[in-house]
Amino acid sequence: MHKAAISLLLSGLLFSADWKPVQTWPPVPDTVQWAKPSAVLALADGGVMIFQRGAPALLRFSAGGKMVSAFSSGFFQNAHGLKMAPDGNIWVTDYTRHVIVKFSPEGKQLLMLGKLDQIASDREHFGGVADLAFLPNGDFYVADGYKNSRVVKFDRTGKYLMEWGRPGTGPGEFHLPHCVAIDTSGKVYVGDRENKRIQIFTADGKYLNEWRTGSPYGITFAADGTLWMADGVNNRVVQIDKAGRVIDSFDLPVDKPDGTGGHMLSVAADGSVYVAETGRFKVRKYVRSK
């Protein structure tokens, strides 16, 4: 990142006043026990899916904001990551029960990876599994980060393929790999949260580069190839270009000062940004002002 951009970012001059929240969840139906929302996913039909720490845990809303379906596993304790595979199935992580769960779009549980309440760093266990990201063929990478310090790759059926990482601050080392995203060329971006950097790797885990743009709680790619990051420590959302330069950002509303701001986020096809603001018990949709 260029020194000038760092200076502007720290001074607050780079923050855009052109973004505003236009929709907030809740409200949700009385049948939902609303708690901390951990992740949000913008859907192709204009709706959104939310993964939250109440019951039911997975909520789907129409483009107009009406809840159209809800389902859960019955055993979630701490909802965390939420992604949709290329085949339309829904995958989520529970970081205190150390499992990844696959659901059909209708809410049928299809697969569980990891062992409930068992922590290890091997092919069949996780330790505080946080997030996952999919390749176009359905293979996926997992950020296994709260107890372990590694990235694990599986094929589309859930078969273990490879892994890399260990605790530390050097290249290829992690202090809480909290989120993961993949660009169109297949490079893997890992939000190394407590080291305050995004590390970039080849598909087979070779270290390429790192960007120090804040504390990456959530990262996701937009359709234009830019990377969006929720910086939970500095209470902001940042847009990063392909060279690692911050090109836009906005502060999140401080309506609950003691709560974590942005956690996970998603960018819709129209450029709207959805942010799960976990400590504030809200999910908000942000759009650029005209």
Side-chain angles (χ1 to χ4, degrees), residues 1 9-10 12 14-16 18-25 36-42 48-53 78-83 92-93 95 130-133 143 145-146 174-183 189-200 210-224 226-241 244-268 271-288:
M1 185 178 176
L9 185 61
L10 293 177
L14 198 59
F15 289 112
S16 172
D18 295 334
W19 290 86
K20 63 179 181 180
V22 295
Q23 192 169 11
T24 302
W25 291 266
K36 292 183 176 182
S38 179
V40 59
L41 183 64
V48 297
M49 182 166 280
I50 295 171
F51 192 30
Q52 59 109 15
R53 295 174 185 170
N78 272 295
H80 206 268
L82 164 66
K83 294 291 170 63
V92 296
T93 71
Y95 79 94
D131 193 25
L132 67 167
Y146 276 88
F174 301 109
H175 187 186
L176 211 175
H178 191 265
C179 48
V180 58
I182 305 168
D183 70 13
Y189 296 67
V190 182
D192 188 10
R193 197 183 84 176
E194 299 305 298
N195 282 329
K196 295 181 173 60
R197 62 183 177 178
I198 297 170
Q199 294 197 67
I200 307 167
E210 64 183 57
W211 298 340
R212 293 185 176 272
T213 56
S215 296
Y217 277 55
I219 56 175
T220 189
F221 279 98
D224 63 3
T226 60
L227 185 70
W228 288 81
M229 180 185 79
D231 183 340
V233 170
N234 294 298
N235 194 43
R236 64 192 177 195
V237 171
V238 178
Q239 184 184 22
I240 306 168
D241 71 10
R245 296 174 297 221
V246 175
I247 56 175
D248 199 3
S249 59
F250 60 90
D251 290 316
L252 299 173
V254 185
D255 50 13
K256 193 175 189 300
D258 58 338
T260 302
H263 191 251
M264 298 291 186
L265 76 169
S266 186
V267 181
S272 302
V273 178
Y274 294 82
V275 185
E277 299 173 38
T278 304
R280 294 171 187 155
F281 290 77
K282 292 179 181 178
V283 173
R284 281 189 266 232
K285 175 184 178 181
Y286 295 86
V287 300
R288 192 184 294 277

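Between Gly218 and Met264, the closest heavy-atom pair is CA-SD, 3.8 Å. Ala181 and Leu227 get closest at one heavy-atom pair: CB-CD1, 4.4 Å. Closest of all the heavy-atom pairs between Val40 and Ser266 is O-CB, 3.4 Å. Across all non-hydrogen atoms, the minimal contact from Ala130 to Pro177 is CB-O, 4.0 Å.
Put simply, CG on Asp251 and CZ on Arg236 are 8.0 Å apart, with the number rounded to the nearest 0.5 Å. The structure places CH2 of Trp211 at 7.0 Å from CG of Asp241, a figure rounded to the nearest 0.5 Å. Rounding to the nearest 0.5 angstrom, the gap separating the CG atom in Leu82 from the OG atom in Ser38 is 8.5 Å. Distance check, rounded to the nearest 0.5 Å: CD1 of Ile50 to CH2 of Trp25 gives 6.0 Å. Atom CG of residue Leu132 and atom SG of residue Cys179 lie 12.0 Å apart, to the nearest 0.5 angstrom. Leu265 contributes atom CG, which lies 11.0 Å from atom CG of Leu41 (distance to the nearest 0.5 angstrom).
Taking the six-membered ring for Trp and the full ring otherwise, Phe51 and His80 have centroids separated by 6.0 Å or more.
Inter-residue side-chain proximity for Val190 and His178 is flagged as unmet; no heavy-atom pair is nearer than 4.5 Å. Taking 4.5 Å as the limit, some side-chain heavy atom of Val273 sits within range of a side-chain heavy atom of Trp228. Side-chain contact between Arg288 and Asp248 is present, with at least one heavy-atom pair separated by less than 4.5 Å. In this structure, the side chains of Val283 and Gln52 stay at 4.5 Å or more apart for every pair of heavy atoms. Within the 4.5 Å cutoff, the side chain of Thr213 has heavy atoms near those of the Met229 side chain. At least one side-chain heavy atom of Leu176 sits under 4.5 Å from a side-chain heavy atom of Tyr146. Side-chain atoms of Ile219 and Ile198, non-hydrogen and from C-beta on, do get closer than 4.5 Å to each other. Residues Tyr217 and Val233 form a side-chain contact, since some pair of their non-hydrogen atoms from C-beta on lies under 4.5 Å apart.
Ala268 meets the side-chain contact (heavy atoms from CB on, under 4.5 Å) test with Ala42, Asp270, Ser272, Tyr274; sequence neighbours excluded. Legend: residues meeting side-chain contact (heavy atoms from CB on, under 4.5 Å) with Ile182, ordered by chain and number and at least two apart, are Ala133, Leu135, Tyr141. Thr24 is linked by a side-chain contact (heavy atoms from CB on, under 4.5 Å) to Lys282, Arg284, counting only residues two or more places apart in sequence or in another chain. In terms of the side-chain contact (heavy atoms from CB on, under 4.5 Å) criterion, residue partners of Lys36 (sequence neighbours excluded) are, by chain and number, Arg53, Thr278, Phe281. When the ring-ring contact (aromatic ring centres under 6.0 Å, His included) test is applied to Tyr286, the partners found at least two apart in sequence or on another chain are Phe250. Residues forming a side chain to side chain donor-acceptor pair (under 3.5 Å) with Tyr189 (at least two apart in sequence, or on another chain): Asp183.
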Checklist entry - Asp224 and Gln239: side-chain contact (heavy atoms from CB on, under 4.5 Å), yes or no, with the steps? => result CA-CA 11 Å; Asp224 63 3; Gln239 184 184 22; 3.9 Å; yes

Checklist entry - Between Leu252 and Arg280, does a side-chain contact (heavy atoms from CB on, under 4.5 Å) hold up when you go through it step by step? => result CA-CA 11 Å; Leu252 299 173; Arg280 294 171 187 155; 3.9 Å; yes

Checklist entry - Hey, mind stepping through Glu210 and Arg212 against salt bridge (charged side-chain N to carboxylate O under 4.0 Å, His left out) and telling me if it holds? => result CA-CA 7 Å; Glu210 64 183 57; Arg212 293 185 176 272; 3.1 Å; yes

Item to check | Trace of the side-chain contact (heavy atoms from CB on, under 4.5 Å) decision for Asp231 with Val237 | outcome: CA-CA 6 Å; Asp231 183 340; Val237 171; over 6 Å; no

Next on the checklist: Test side-chain contact (heavy atoms from CB on, under 4.5 Å) on Asp131 and Lys83; report intermediate values, then the result.
Outcome noted: CA-CA 8 Å; Asp131 193 25; Lys83 294 291 170 63; 3.3 Å; yes

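Proximity of a side-chain donor or acceptor of Thr93 to a complementary backbone N or O of Gly81 within less than 3.5 Å is detected.
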